[in-house]
Amino acid sequence: MGRKLLKAFEDELKKIKNDDLRNITKELLTECSDKTATAPTSSTGKYHPEWSLGEGGLVRHSKAVCVVAETFMKQMPAYDGEDWDVPYIAAMLHDCCKYTYPGQKWVHYEHPILMAEKIRERAKNENEEISKKLNRIADCVASHMSRWDTNPKTGEKCGTTPETIEQWIVAMADMIVAQKWITIDGIG
């Protein structure tokens, strides 16, 4: 599983500054369904632009979220150094649990919580510094849907509300990239 995601995010993985976090991110990607590498970002096409639909749309969307998050962080002196990794990794992983099995047609609404749980589980086995960063990454992933964090079919919460600047970086980058009026060239 997930080998296609490693290949798809090869360039983004190189930008992770902390070697331990890069290796953990690779492992987390390999735990995700290979369907994620070929799936559209939206199973209905309602909430995302055309360039992120169709085969590979989810990867194109996530790569664009990384670019926008990176742009935000370049404007913020607080993200000099390794803190850069927290929102950047969250941007890469935020939608990786939308699809969890090969024949799945509809995305999991609870995908923010599913991915955050994977990350938190991994944090339990790490040293204190890495564990804290992984938990911050999980918080960013869990809150990336911002006010759209409720399953419209059940009314259940499927995420949390962003509170920190790094959580808002990921949520805002995702929201901007999901706008239907956005066109993206050079991300693929």
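Counting only heavy atoms from C-beta outward, the side chains of Lys26 and Phe9 never approach each other to under 4.5 Å. Residues Leu29 and Met92 are in side-chain contact: their nearest non-hydrogen atoms beyond the backbone lie under 4.5 Å apart. Taking 4.5 Å as the limit, some side-chain heavy atom of Ile130 sits within range of a side-chain heavy atom of Asn18. With contacts defined as side-chain heavy-atom distances shorter than 4.5 Å, the pair Glu126/Leu134 qualifies. Contact of the Leu13 side chain with the Leu6 side chain is registered, since non-hydrogen atoms from C-beta on lie closer than 4.5 Å. Within the 4.5 Å cutoff, the side chain of Met76 has heavy atoms near those of the Ile169 side chain.
Evaluation of the side chain to side chain contact (heavy atoms under 4.5 Å, CB included) rule for Ala138 yields Ala116, Ile119, Arg120 as partners, not counting sequence neighbours. Qualifying salt bridge (Lys or Arg N to Asp or Glu O under 4.0 Å) partners for Lys132, counting only residues two or more places apart in sequence or in other chains: Glu128.
Going from atom CG of Leu28 over to atom SG of Cys96 covers 9.0 Å, rounded to the nearest 0.5 Å. Atom CG of Leu5 sits about 11.0 Å away from atom CD of Glu12, to the nearest 0.5 Å. We find the CD1-CD distance between Ile89 and Glu166 to be 11.0 Å, quoted to the nearest 0.5 Å.
With hydrogens and angles ignored, the 3.5 Å screen pairs no side-chain donor or acceptor of Asp95 with any backbone N or O of Lys98. Of the possible polar contacts, none joining the Asp174 side chain to the Met145 backbone as a donor-acceptor pair under 3.5 Å is found. No side-chain donor-acceptor contact under 3.5 Å links Ser62 to the backbone of Val59. Judged by distance alone, with hydrogens and angles left aside, the side-chain atoms of Lys63 form a donor-acceptor pair with the main-chain N or O of Ala8 at under 3.5 Å. A donor-acceptor contact shorter than 3.5 Å is absent between the side chain of Ser143 and the backbone of Thr160.
Closest approach of Ile16 and Arg22 over heavy atoms only: O-NH2, 2.6 Å. Scanning both residues, Asn135 and Ala123, for their nearest heavy atoms gives ND2-CB, 3.7 Å. Nearest heavy-atom pair, Pro87 versus Val170, reported as atom, atom and distance to 0.1 Å: O-CG2, 3.5 Å. For the residue pair Pro162 and Trp168, the shortest heavy atom distance occurs at O-NE1, 3.3 Å. Minimum heavy-atom separation, Trp84 to Met73: O-SD, 3.6 Å. For the pair Met172 and Phe72, the tightest heavy-atom approach, listed with the atom from each and the gap, is CB-CE1, 3.9 Å.
Tested against Arg136, the residues Asp85, Thr164, Asp83 include a single side-chain hydrogen bond (donor to acceptor under 3.5 Å, both in side chains) partner, Asp83. None of Met115, Lys118, His111, Gln167 except one satisfies the side-chain contact (heavy atoms from CB on, under 4.5 Å) rule with Val141; the exception is Met115.
Using a 30° and 60° split on the angle between ring planes, His94 and His61 fall in the tilted class, from 30° to 60°.
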- Message: Please determine whether salt bridge (Lys or Arg N to Asp or Glu O under 4.0 Å) holds for the pair Lys7 and Glu10, giving the CA-CA distance in whole Å, both sets of side-chain angles, and the decisive distance to 0.1 Å.
- Response: CA-CA 5 Å; Lys7 181 74 174 146; Glu10 198 170 63; 3.7 Å; yes

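Hydrophobic clustering (side-chain heavy atoms under 4.5 Å, transitive across Ile, Leu, Val, Met, Phe, Trp, Tyr) keeps Trp181 apart from Leu53. Residue Val86 is grouped with residue Val68 when hydrophobic side chains (ILVMFWY) are merged at heavy-atom distances under 4.5 angstrom, including chains of intermediate members.
Summarising the local packing, CD of Gln179 is surrounded by more than 12 heavy atoms from other residues, nucleotides or ligands at distances under 6.0 Å.
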